[in-house]
Amino acid sequence: MKTKFIQSVLMAAAVGALSITSSCKKFLVVDSPSVSVPSTVFESTSNTNSAVIGIYNRLIGDNGYGNRISCLYPLTADDFKTSGNYSSSDRRGISMYGASSDNSDLYNPFVQLYSGIDRANLCIKYIPISKLYTSGAASEQALMQRYYAEALALRAQFLYELIRNWGDVPAYFVPASDAETLFNTNANRDETYDRILADLKIAEDLLPWRSGITEYGSFRFTKGAVKGLRARIALARGGYSLRTNTHTMERRSDYATYYKIAFDECLDLMGHRSEHTLNPVYENIFKTLHTAARYDDAHELIFEVAAFGSNSNTDSKLGYYNGVRFNSASSFGQGGGGMNAIPTYFYEFDKNKDCRRDVTIGAFEITANSKKILNAANNQTDAKFRKSWTAFNGTSSSQSFGVNWPVLRFADVLLMYAEADNELNNGPSAKAISALQEVQKRAYIGYEDQIPATPADKAGFFNALVKERLLEFGGEGIRKYDLIRWNLIASKFEETRTKLRQFMNGEGAYANLPLYIYAKESTFNQTATVPEVASMDLYGVTGATTVNDIFYAPGLGASSAPSGYTVKNWRKSITDDPISGGISGSLSGFATYFEANKKELFPYPKSALNENPKIVQNYGY
Amino acid sequence: MNCMKKTLLLLVLMTSLFGVLRAQTRQITGVVTDKTTNDPIPGVSITVKGTTTVVSSDNKGNYKINVPSSGNPVLIARYIGYKTHEAIVGSQNKINFNLQEDVAALNEVVVNIGYGTVRKEALTGSVSSVRAKDLADFPVGTVAEALAGKLAGVSVTTTEGSPGADIQIKVRGGASLTQDNSPLYIVDGIQVDNALSILSPNEIENIDVLKDVASTSIYGSRGANGVFVITTKKGKAGRTIVSFDTYAGYRQIVNKLDVMNPYEFVKYQYELYNNNTSDEVKNTFIKNYGTFADLDIYKNIPKVDWQDKVFGNKAWTNSQILNLSGGTDKTSFNFSLNNMLEDGIMLNSGYRRTFASFRFDHKISDKLRANVNVRYSRQRIDGIGTSSTGSQGTNRLRNAVRYQPYMGGNDSGGDLFDADYQTTGLTNPITQANTELKYDYRNDMITSAFLEYQILKNLSFRSTVGMTFIDRKTNTFNGALSYIGRTNGGLPAIQLDNGNVITLLNTNLITYKPDLGKDHTLDVVLGEEINKFDTKSNSSTIKWFPSTITANEAFGSIQKAEPPTGSVQDKPTSSYGGTRQLSFFGRLNYAYKGKYLATLNFRRDGSSLFAVGNQWGNFPSAQVAWRLSEEDFFKNQDLKWVDNVKLRFSYGAAGNNRINSDLYRIVYSASSTSGGYAASDASVTTGLIPPTTLENPSVTWETNISNNLGLDLELLKHKLSLSVDLYDNRTKNLLLNANIPPTTGRQTQQQNVGKTQNKGLEIQLNYAAVNTSKFKYNTSFNLSFNKNKILALQSGVGSYTVQSGWVNSLADFKVEVGKPVGQYYGFVSDGFYTVNDFTYTQNATTGVYTYTLKSDVPNSTALIGNRAPQPGDMKVKKLSSSSSMLIGDDDKTVLGNSQPKFAGGFNNQFAYKNFDLTVFVNFSYGSKVYNANKIEFSSQYNVKDNNLLSIMNGRWQNFDANGVKVTDPALLTSMNANAQYWTPTPGNYALTSFAIENGSFLRISNVTLGYTIPQKLIKRTGVISRLRVYATVNNLYTITGYSGYDPEANTRRSNPLTPGIDYAAYPRSRFILAGLSLVF
């Protein structure tokens, strides 16, 4: 009896021990259902798609185009600057070209971009060796080719973003674990550019046009998007940049080769107008970014970084950080205000005819009473992002509105084409002239026959393009990098300071502008932007009946407002105080700490140098 | 397979051997008494020699037993601590036993060396032990607290003062550079992580700490950091003993950081707002604080001590322990129930724990023994604490220190001048403490059972199965005003984390002790073990609760969260994981005439943590000892005062495999946040992403190889014992979760790099100085010296810097070959610039002087927010030889390190009549503390309206008594004749020698006075057999030169390369309590 019991206990123990240790070898491999190895991921098209989605993820979020890369890095140029007072360690330091290497807004985006490169490198390694890619069914092969092409395009985008901000950044084209060393040193940017231009060529051949993958829309790379990106990168490769060894802005002697690439790519895009063309209504491009409803049947938006999810990783702070300022107590809830227009930028636009001014610059803000009122001249914002265009209002407390960032649109293709053509042919061809005019006519809607005269000589046409790109792309993070590749950044900054001084003093083009404007709250009609601005309640002065007239009339000049109106500093808002002045003040001047041939590039983040001493800090930091 | 065959063979062997005896009987009775006191002894086992018949004496010492009526039966009386007596029955019917105490047996100490025990004399390794009696008088919540300073070579550091705070335990300095150096804990044969905080002190029978690697190598790949072998109490045959212990008391903050009072605070703000600022900023000051003339008002505004408001609570604690034990000679049990309730000194913090443990031992037959152990622990830790693993933005202590020192708005929210909490970066500390709540629930079920079968007299087999279940649930509430709440539009958000771990262990052990004659003894252990470890976890973050919701409502009804139109909640996440380990091991103990002792260990471990090909590792060791005192030539000296002299030497290898799984290969995981993308409008597609840790296919064990030389002495008739150990541990293939260049796209990689060395000396002394019937005095003293050194890093790397991370981008530690781990790296403070460091010119119209730094003076612009230095700014020494006077990274130097030169403890136990007194002191000498609090709390950073430590009242002054800025050089110099510190620095924080302080301390960590009610009085109650009352003060007083809360703070623990930082640590408290212990 007892023996039996013991025997059965021991038998049970034996069976238990057996089942546990049934195979020593197998016992020592644990495969968790929560993770998958590459052989699983890349042998399924849906998993491969998920891995590619994982690369796209690195574009967005606070540290991607959701905020830092879109709203901080491209500032200041002669369109916009960051609001607030200087500190070397935050966003104002970046905007004033006085960022220190421990600026926390430099490190996180830098890391995120490299993380994107690594994720792309993994896909670029594993997709071409997968069975689906090499010997899958035709439909599977086509899918896998698309994914491969997208990974190549994304890697190019990340590297381009790094190079234009930091210069000769370390470049990786294989996953980190396959790299010879983890401590890569600075790579020659020309070589990196050449590599990604070649990659993009492969990608554009593998990807269908937009109409071939309708579900991608402009949220993922299509053939058109890759072509546009390739043109843009080619112009950067063929343009000026601050060189590491000479500490000067230089461009390479073979730059024409790259203008030719841009020319060809843009021409091809312009030959496919059914895929992408200009949106007839300028404003609608940006409204489209804000909601699920789209107003862009022309598909001018070729590539957007898409945002959604109300978190700091997959959504953006567009419209919350930047854009038209909405008082938090208004029915719209808090929004905008992080970027300020350079006061003279307002006057670059034609007074009455160019519809882009009121889309681009937030002349008014929305008060606690949900009404609009004029901003002081130094307190205007960017305006292509507006909380009132989103689905979010004051009952929502979210800081993320699902607003997308426009990376590439067809107007850029037209203007890049015109620029490349002018450069290659030593003057604009008829096609180049018509490309420029096409963009201008859309802007001068209703006044198409009154667009500025188009110069026919090379220099004149180039200058017209410089001006046109300022007007067309304001607040889209393009201007600063244009000025750099043209080597115009120092001179344009000097020019802008001169203009600001003239503005302050009421001289030159700014003679007769008001010192003060008097404003009253008025209904925010939520109509189109031009009539919205025109319907602001401003105190009328002699010779000025319309709102636009008031901006150009001398006004009362008194610091106290007529009864019922609030005084808004106009020319008065700019001073030359060495500390708080808007021209060269140490706290809030215009690009106060900019130094030519030094500050065109950011300092490498200190933490990155701490971890990788092989990286050489940029000159001057 | 090999492993399964072995198991089978054993089981077959065992099942074939059984037998049962039967016979005719008659009854014998008698009483058992103590020879000296003549008191009856209950629980004495009486056996009939050569049979299995056993009985035990009752409460009055009486027994009854049946003996065979034929033959010549002999009775044997056995009782622990007494000499065994035999009596021939013959024709008697009544046999009384008069037992004599066995002094030698009482002194016999058995040490558990893992998978077996050995008598202390025969021990060949370096083992420190703590017995139940050493823990008995320390009324503390966890065993860990009771161990601090008691064991030579074992450092026990409470990292901060919060309830349930991490207690860091290191054996011999800690060799590894990986996540932690915590030792392995084995409780009754099974691995229990964090055992010292899970077990109740009263259930410990003994703790044996295996310190030399040759001893720990029997645990192979887990042994590199020392092994705590813990044996719990089991019931004793005899009367059932019921005991009840309880204590209650309170904790209170010991010291606070002295900050500026309201007037000093506004004077400082006046400077910030008026020194080189725009009119707008100057006007803001007037708006917020008033004009300079008004500032006198602040002299009368009552100071609010926020530290006192937040940490000043008297935190009450009470604890009850009920213990039940008893049994017969066949079956014994021990049941323990422990309840503890502890408030934290910080608002909304506390700790609650309930333990139950049950141990059951049963002799199924003479040959077969079984044991079942079940332990359940339920803990709840409330409070989010002060420190966090993030950088300074998440520091919660700062609010209590830097917030304006007077009432601003109200305690529940809102501020007069910083309603949105954007400008100052501060939250009202009380609001803060009420808005961030955390509840950490932990349930541990630890079970084990073994069956032991005596196959032959000298051959036995034991199979142990252990299972542990750990359930952990953490609920975090972030209210509307918390940082997370504010980033979600001012609405509360919660995070719910659940995790559970199931481990299964099976050990099969054969012990063989062949009879080799009286000169030789041999003890062989062979074993096989599997470890299976499975984890499951899930986590969800739910945002956008109504702003007024309470934490409990939010936890209890997550459906109340309402995403704003167009937003979606983050997706919940879940994860499964696991590891496996398979091991074979053996040990051979040999002794010749009890003089020459040798132990050989060998273990082979296979682990799922590594790639196929790297999975198996071997860990051999050898130990030899020579008992000099057993030699004839020694005995012939007839040294009466020397009882025992033993010399030991050991050499061996053990491993460390404490890394996460799947580090050798790349694995993708799904994520909707860090991998998601809005691939179509108004939705987020989940992506697959690689981990942030870069795979390393060749990752393998860290191996620790060590030499140990030891001497054990027992003198003065066992009154004085002394152990001295010298060791040299070298660790190769160091596992390092290295930060890798972010340009790789990943953040870290687990690497086997470099070598470290720990050399040290340990002395342990115990002395029973006085032992009379009235007065007893026992004292013990231990002292440890440990020197840590990095012998090699990655090939070609001589040194590199590491960021502790309390502030971004600050490389404040240097890892260097030839130097110890934990070197602080920064600038050498040189006070501040004086007028003489500048050339100055006077503006003819305004009369204002402007100052330009002389070109031959070090320029510390990088440390003061990238602005040109002015008189009074912080100055540091230029150390580099470069021609530029700009202070940069090459002017940094090593400022000290956190390792003490020596540390130890000194325990004194006195007993006079019925009084007992314990005084325990521990100390540490020669360490440096990196007082990061002091850096932050003396800097301006980028914010205004923040308070400073009061030492900064001694700062350089730029404004005269009338609030007018002074630029005149002579005036400025005379005004600052007594200045001690620089102008609080704007811009990012920098480490200078200012923040490195002496961390030596001597702590009176425990004083207990007890009184045992005399036996005469107790006896009258009829039920109580012992009653002791006591009062204790823990952490009574610390003698230290350190200016922060406590020199032992260590808050950047996730990286072992950055020890010794006191940053936002929860302040330490003093604990005063009284209690009683009752035995029925």
Side-chain angles (χ1 to χ4, degrees), chain A residues 3 7 10 13-14 17-18 20-21 24 27-30 32-37 41 50-51 53-54 56-57 87-89 100 102 104 111 114-115 117-118 122 170 176-177 182-184 219 292 306-311 313-314 391-392 396-399 402 579-580 606-608 610-612, chain B residues 1 3-4 7 11 14-15 18 278 368 463 489-491 530 564-568 570 575-578 580 582 606 608 615 665-669 673-679 681-682 684-685 687-690 694-695 739-746 801 803 808-809 811 865-866 942 987-988:
Chain A
T3 341
Q7 275 171 338
L10 290 171
L18 265 178
I20 291 161
T21 53
C24 301
F27 180 73
L28 291 181
V29 176
V30 185
S32 154
S34 300
V35 296
S36 6
V37 291
V41 175
S50 299
I53 290 290
Y56 277 102
N57 167 268
S87 157
S88 66
S89 55
S100 54
D102 55 12
S104 57
V111 171
Y114 273 106
S115 160
I117 292 170
D118 181 59
L122 285 165
S177 52
L182 301 178
F183 298 86
N184 267 15
F219 294 4
F308 197 70
S310 300
N311 62 58
N313 292 303
T314 65
F392 293 76
S396 155
S397 48
S398 178
Q399 299 183 348
I579 294 164
S580 59
K606 198 161 190 180
S607 290
N610 287 342
E611 303 297 357
N612 183 358
Chain B
M1 296 306 306
C3 44
M4 82 185 193
T7 323
L11 292 169
M14 293 169 40
T15 44
F18 286 97
S278 63
L368 193 61
S463 181
L491 293 182
I530 59 159
T565 325
S567 297
V568 287
D570 292 347
S575 169
Y576 287 7
R580 306 281 182 271
L582 175 62
S608 67
Q615 283 181 327
R665 57 179 182 176
I666 180 166
V667 287
Y668 273 87
S669 60
T673 49
S674 48
Y677 182 64
D681 258 318
V684 172
T685 308
L688 278 171
I689 54 169
L694 180 65
E695 64 276 12
N739 285 340
I740 56 173
T743 45
T744 58
R746 311 284 189 91
T801 56
Q803 305 176 170
N808 293 323
S809 310
N866 287 318
N942 295 324
N988 223 342

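Residue numbering restarts at 1 for every chain, and letters A, B, ... go by the order of the sequence lines.
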Exercise. Is any side-chain heavy atom of A/Pro33 closer than 4.5 Å to a side-chain heavy atom of B/Tyr576?
Worked result: yes
For this session: Please determine, among A/Ser580, A/Gly54, A/Ala306, the option with the most heavy-atom pairs under 4.5 Å with chain B.
Result: A/Ala306
Problem set entry | Considering all heavy atoms, the nearest B/Tyr668-A/Ala51 contact | CE2-CB, 4.2 Å
Problem set entry | Region of A/Ser87 in contact with chain B, defined by heavy-atom distances below 4.5 Å | side chain
Exercise. With respect to chain A, which residue among B/Pro741, B/Gly606, B/Ala679, B/Gly490 yields the maximal number of heavy-atom pairs within a distance under 4.5 Å?
Worked result: B/Pro741
Problem set entry | Exercise: identify the closest heavy-atom pair between B/Ala678 and A/Phe308 | CB-CB, 3.6 Å
Problem set entry | Beyond-backbone contact of B/Ile666 with A/Ser177, side-chain heavy atoms, under 4.5 angstrom | no
Exercise. Considering all heavy atoms of both residues, which atom of A/Val37 and which atom of B/Arg665 are nearest to each other, and what is their separation?
Worked result: CG1-NH1, 3.7 Å
For this session: Tell me, out of B/Gly578, B/Gly577, B/Ser608, who's got the most heavy-atom pairs with chain A below 4.5 Å.
Result: B/Ser608
Exercise. Would you say B/Thr685 and A/Tyr56 make side-chain contact, with heavy atoms under 4.5 Å?
Worked result: no
Exercise. Going from CD1 on B/Ile740 to CG on A/Leu182, what distance comes out if it is rounded to the nearest 0.5 angstrom?
Worked result: 5.5 Å
Seminar exercise, completed: Under 4.5 Å to a heavy atom of chain A? For B/Leu694 that would be side chain
Exercise. With respect to chain A, which residue among B/Val684, B/Thr744, B/Thr743, B/Asp681 yields the maximal number of heavy-atom pairs within a distance under 4.5 Å?
Worked result: B/Thr743
Exercise. If you round to the nearest 0.5 Å, how far is OG of A/Ser50 from CD1 of B/Ile689?
Worked result: 11.5 Å
For this session: Pick whichever of A/Ala608, A/Ser607, A/Ala307, A/Ser115 has the most heavy-atom pairs under 4.5 Å with chain B.
Result: A/Ser607
Problem set entry | Part of A/Ala292 lying under 4.5 Å from any heavy atom of chain B | both
Seminar exercise, completed: When the 4.5 angstrom heavy-atom criterion is applied to A/Val41 and chain B, the contacting part is side chain
Problem set entry | Interface residue of largest heavy-atom contact number with chain B, from A/Asp118, A/Ile53, A/Asn313, A/Asn57, under 4.5 Å | A/Asn57
Exercise. Does a sphere of radius 6.0 Å around CZ in A/Phe183 hold more than 12 heavy atoms from other residues, nucleotides or ligands, not counting ones at 6.0 Å or beyond?
Worked result: yes
Exercise. In Å, rounded to the nearest 0.5 Å, how long is the span from CG of A/Asn610 to OG1 of B/Thr801?
Worked result: 4.5 Å
